[in-house]
Amino acid sequence: MNPVDGVDASMARSFEVRLSDFVIDVIARDAPRDSPQVRGRFSQAIRFYLHEASLRRPGWSVPSALRGEQEGDEMRLELDDELLCRLEAEARKQDASLSRLVSQAAIYYAAELDAGRITQRVFDDLGKDD
């Protein structure tokens with residue numbers, strides 16, 4: 001498993017998405033935009049976003065006005081096969097492009113992270129193991 005992005009290289013599939021400068025900056029924060037660290041953060045955002053699917057919190061789904069393709073820079077990401085299949089299925093379910101869904105996942109993840117709710121959910125999940 002790659003320690004930077006959490007993807008098992010033997011089961012990883014790469015794919016390209018178009019991401020706006022805003023979305024890349026939201027995830028990159030202080031890291032170089034084209035670094036493996038940033039690609040790893042996108043993987044974490046996608047994993048978190050899909051984990052939250054059953055909750056359907058406000059702001060979770062792609063707004064209907066934004067479901068088509070988007071302008072932006074191409075970025076190659078890697079996800080394990082199962083996660084990529086789930087992402088593609090969710091994109092079909094929401095009738096959104098893969099790029100839009102990855103963007104939505106990144107924005108949702110960043111908002112939850114900034115609000116501190118991810119930390120609280122980690123603590124809540126740790127408490128369930130007892």
Side-chain angles (χ1 to χ4, degrees):
M1 183 171 298
N2 184 334
V4 173
D5 60 17
V7 175
D8 180 349
S10 66
M11 302 296 292
R13 281 182 39 203
S14 70
F15 62 103
E16 283 192 10
V17 289
R18 286 195 171 278
L19 302 170
S20 70
D21 287 339
F22 172 76
V23 169
I24 295 170
D25 289 344
V26 160
I27 291 296
R29 297 186 181 223
D30 58 348
R33 291 170 53 117
D34 61 347
S35 69
Q37 184 180 14
V38 170
R39 288 188 297 280
R41 288 178 186 171
F42 273 102
S43 296
Q44 290 172 332
I46 292 165
R47 187 173 306 282
F48 177 75
Y49 181 79
L50 293 174
H51 181 267
E52 296 279 296
S54 64
L55 302 175
R56 303 279 189 209
R57 296 183 189 279
W60 184 84
S61 62
V62 176
S64 59
L66 299 177
R67 296 206 172 157
E69 279 300 325
Q70 65 184 11
E71 296 294 317
D73 296 328
E74 286 187 5
M75 180 176 278
R76 180 164 294 283
L77 301 175
E78 287 190 0
L79 294 176
D80 65 65
D81 193 49
E82 177 193 348
L83 192 59
L84 182 54
C85 287
R86 289 178 50 212
L87 182 68
E88 292 169 336
E90 187 59 43
R92 285 190 300 275
K93 190 184 299 183
Q94 291 192 40
D95 194 26
S97 70
L98 207 54
S99 295
R100 285 287 183 189
L101 194 61
V102 170
S103 293
Q104 185 68 18
I107 292 167
Y108 183 83
Y109 176 77
E112 293 294 295
L113 190 62
D114 286 347
R117 289 187 283 259
I118 290 176
T119 303
Q120 185 57 50
R121 287 188 196 128
V122 168
F123 287 135
D124 291 347
D125 285 347
L126 288 174
K128 291 178 188 175
D129 293 338
D130 293 337

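We number each residue from 1, following the sequence as shown. Computation of the quantities below employed the complete heavy-atom set of this structure, encompassing side-chain atoms and omitting hydrogens, waters and symmetry-equivalent molecules. None of these values were measured; they are calculated from a predicted model.
- Between the side chain of Q104 and the backbone N or O of G59 there is at least one donor-acceptor pair closer than 3.5 Å.
- The shortest non-hydrogen separation linking I46 to A105 is CA-CB, 4.2 Å.
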- Task: Go through the steps for S103 and L19 under the test side chain to side chain contact (heavy atoms under 4.5 Å, CB included), then give the verdict.
- Result: CA-CA 7 Å; S103 293; L19 302 170; 3.4 Å; yes

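- Considering all non-hydrogen atoms of both residues, A31 and V38 come closest at CB-CG2, 3.8 Å.
- Residues satisfying the salt bridge (Lys or Arg N to Asp or Glu O under 4.0 Å) test with E74, not counting sequence neighbours, are R18.
- Test E78, M75, R47 against F42 for side-chain contact (heavy atoms from CB on, under 4.5 Å) and you get one pass: M75.
- With contacts defined as side-chain heavy-atom distances shorter than 4.5 Å, the pair R13/C85 qualifies.
- Annotation: salt bridge (Lys or Arg N to Asp or Glu O under 4.0 Å) contacts of R33 (sequence neighbours excluded): D21, D25, D73.
- In this structure the side chain of L113 never reaches within 4.5 angstrom of the side chain of F48, judged on heavy atoms.
- Between the CZ atom of R100 and the CG atom of D95 there is a distance of 12.5 Å, given to the nearest 0.5 Å.
- In this view, R29 and D114 satisfy the side chain to side chain donor-acceptor pair (under 3.5 Å) rule, not counting sequence neighbours.
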- Query: side chain to side chain contact (heavy atoms under 4.5 Å, CB included) between Y109 and V26: does it pass, once the steps are laid out?
  - Reply: CA-CA 9 Å; Y109 176 77; V26 160; over 6 Å; no

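- Interatomic distance, F15 CZ to L98 CG, rounded to the nearest 0.5 Å: 5.5 Å.
- Under the side chain to side chain donor-acceptor pair (under 3.5 Å) criterion, S14 pairs with R76, not counting sequence neighbours.
- For the atom pair CG (L50) and CG (L79), the distance works out to 8.5 Å, reported to the nearest 0.5 Å.
- Nearest heavy-atom pair, A45 versus A106, reported as atom, atom and distance to 0.1 Å: CB-CA, 4.0 Å.
- With sequence neighbours left out, the side-chain contact (heavy atoms from CB on, under 4.5 Å) criterion links A53 to W60.
- Between R39 and the options S43, S35, P36, a side-chain contact (heavy atoms from CB on, under 4.5 Å) holds for only P36.
- Residues meeting the salt bridge (Lys or Arg N to Asp or Glu O under 4.0 Å) test with D34, sequence neighbours left out: none.
- Between the side chains of Y108 and E52, at least one donor-acceptor pair of N or O atoms lies under 3.5 Å.
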